[in-house]
Trainee: 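Can you keep this structure in mind? I'll have questions shortly.
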Protein chains: 2
Amino acid sequence: MELLRHKVVSEGIVLGQGVLKVDSFLNHQMDPFLMREVGREFTRRFAGEEVTKVLTIESSGIAPGIMTALELEVPLIFARKQKSLTLTEDIFVEKVYSFTKKESNEITVSKKFIVPGERVLIVDDFLANGEAAFGLARIVEQAGGTVAGIGIVIEKAFQPGSQLLKEAGYRVESLVRIASLEEGVISFVEDEAELTD
Amino acid sequence: MELLRHKVVSEGIVLGQGVLKVDSFLNHQMDPFLMREVGREFTRRFAGEEVTKVLTIESSGIAPGIMTALELEVPLIFARKQKSLTLTEDIFVEKVYSFTKKESNEITVSKKFIVPGERVLIVDDFLANGEAAFGLARIVEQAGGTVAGIGIVIEKAFQPGSQLLKEAGYRVESLVRIASLEEGVISFVEDEAELTD
């Protein structure tokens with residue numbers, strides 16, 4: 001996705017320890033036109049998957065998630081990272097470890113919003129170790145639903161999440177794939193390399 | 001906004017202590033078409049305000065915020081409720097107390113995203129005591145910007161936030177205004193009453 005790659009190159013800032021800061025357009029300030037294009041691209045890629053719901057996790061997944069849900073004409077659910085006082089009924093709970101924040105969160109989804117037979121598209125802003133995506137997938141499967149696919153805005157292909165998710169049988173579509181952030185330089189997985197995967 | 005009022009009546013659940021649960025379309029599962037209409041309505045109401053940015057707070061403000069930003073053709077910023085490891089530069093910080101969750105959060109916005117002269121539209125899902133809206137407004141003003149208005153999806157008109165914000169000089173536009181949740185019944189501030197305010 002050329003527009004997104006351009007944004008990553010022109011506005012992304014490499015911090016230490018494999019962290020890419022994209023807070024000018026993706027996870028603090030957000031570009032609504034880019035988010036709309038992300039939603040359209042996920043919709044194009046997962047068009048044949050008969051998606052019934054989009055599932056993401058607060059907070060940075062919500063904007064790409066709602067745009068994808070709009071294009072797919074289905075509801076969005078966002079998993080919460082801690083229990084809310086207004087969620088009193090039965091909930092699905094999974095533990096997710098964040099390597100960036102070095103803490104575990106419980107992510108929760110109300111049982112009434114994913115029912116058996118549902119085909120759920122998981123959307124998130126970043127994929128690194130795959131912890132969040134696996135947690136969301138376990139919730140879908142606990143509910144008797146099927147993971148229709150996993151749509152990622154930015155994949156850190158130098159971390160194992162994508163590989164692990166694919167080995168577990170999930171279809172993963174990442175709009176940009178970063179090969180390396182070493183020495184402060186953002187390099188992408190080349191299209192040629194992807195074709196010979 | 002008739003579509004929204006219909007959703008509140010048909011899907012809203014009154015819990016104790018003035019809490020209205022709208023997790024089927026606004027703050028857990030989200031209806032993307034409703035969110036788009038919310039964005040269009042805020043854009044219509046604030047059309048003359050020369051808005052340069054939309055500002056909201058994670059997490060439930062993000063979906064109405066991004067749709068409003070899309071319609072207004074400006075960026076969205078969402079304030080974070082805790083400091084993130086990837087936000088290392090200078091930030092604006094304000095304390096906000098949540099009566100629902102009975103805890104204080106620090107809300108933060110990166111200094112680079114609101115600059116002097118900016119006209120900022122604040123958008124949030126709920127208005128009750130006005131804590132979050134006041135915190136966001138203080139951040140805008142710390143930055144040398146102007147609050148162009150405050151757009152609220154659901155106002156609890158039986159709590160003082162709206163009145164306090166208006167007394168402080170802010171323009172508040174709420175898409176639905178709830179007069180009471182007493183005895184489990186949702187009643188609205190009537191249009192007639194609003195006209196004679």
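Chain letters run A, B, ... following the sequence lines, proteins first and then strands; every chain starts at 1. The basis for the numbers below is simple: all heavy atoms, side chains too, and nothing from hydrogens, waters or symmetry mates.
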Trainee: At what distance, to the nearest 0.5 angstrom, does NZ of B:Lys21 lie from OG of A:Ser110?
Mentor: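 Rounded to the nearest 0.5 Å, the NZ-OG separation comes to 6.5 Å.
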
Trainee: Quick check for you: to the nearest 0.5 Å, what is the distance between A:Lys112 atom NZ and B:Asp23 atom CG?
Mentor: 4.0 Å

Trainee: More than 12 heavy atoms of other residues, nucleotides or ligands under 6.0 Å from CD of A:Glu182: is that the case?
Mentor: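 No, not enclosed.
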
Trainee: About how many Å separate CE of B:Met67 and CZ of A:Arg36, when rounded to the nearest 0.5 Å?
Mentor: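 Between A:Arg36 CZ and B:Met67 CE, I get 10.0 Å after rounding to 0.5 Å.
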
Trainee: Does atom CD of B:Glu183 have more than 12 heavy-atom neighbours from other groups under 6.0 Å away?
Mentor: no

Trainee: So what's closer than 4.5 Å to chain A heavy atoms on B:Glu71: side chain, backbone, both or neither?
Mentor: neither

Trainee: Grab the two heavy atoms, one from A:Leu76 and one from B:Pro32, that are nearest each other, plus how far apart they are.
Mentor: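 Taking A:Leu76 first and B:Pro32 second, the nearest heavy atoms are N-CD, 4.5 Å.
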
Trainee: Any side-chain heavy atom of B:Ser59 sitting closer than 4.5 Å to one from A:Ile62?
Mentor: yes

Trainee: Given a strict heavy-atom distance threshold of 4.5 Å, which part of A:Glu103 is in contact with chain B: side chain, backbone, both, or neither?
Mentor: side chain

Trainee: Might you confirm whether atom CD of B:Glu50 has over 12 heavy atoms from other residues, nucleotides or ligands at distances under 6.0 Å?
Mentor: no

Trainee: How many angstroms lie between atom CZ of B:Phe78 and atom CD of A:Gln29, to the nearest 0.5 angstrom?
Mentor: 11.0 Å

Trainee: Could you have a look at A:Leu34, A:Val109, A:Asp31 and say which one has the most heavy-atom pairs with chain B under 4.5 angstrom?
Mentor: A:Val109

Trainee: Counting only heavy atoms closer than 4.5 Å, note whether A:Met30 contacts chain B via side chain, backbone, both or neither.
Mentor: both

Trainee: Let's test your reading of the structure: which of B:Ile13, B:Leu70, B:Val74 forms the most heavy-atom pairs below 4.5 Å with chain A?
Mentor: B:Leu70

Trainee: Heavy-atom pairs under 4.5 Å with chain B - which of A:Ser60, A:Ala63, A:Gly65 has more of them than the others?
Mentor: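 Most heavy-atom pairs within the cutoff with chain B belong to A:Ala63.
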
Trainee: Can you tell me how far the NE2 atom of B:His28 sits from the CZ atom of A:Phe113, to the nearest 0.5 Å?
Mentor: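 Atom-to-atom, B:His28:NE2 and A:Phe113:CZ are 6.0 Å apart.
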
Trainee: For A:Ser24, is it the side chain, the backbone, both, or neither that has a heavy atom closer than 4.5 Å to a heavy atom of chain B?
Mentor: both

Trainee: Might you confirm whether atom CD of A:Glu167 has over 12 heavy atoms from other residues, nucleotides or ligands at distances under 6.0 Å?
Mentor: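 It does: A:Glu167 CD has more than 12 such atoms within range.
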
Trainee: Is B:Val115 linked to B:Ile139 within one hydrophobic cluster, defined over Ile, Leu, Val, Met, Phe, Trp and Tyr using a side-chain heavy-atom separation of less than 4.5 Å?
Mentor: no

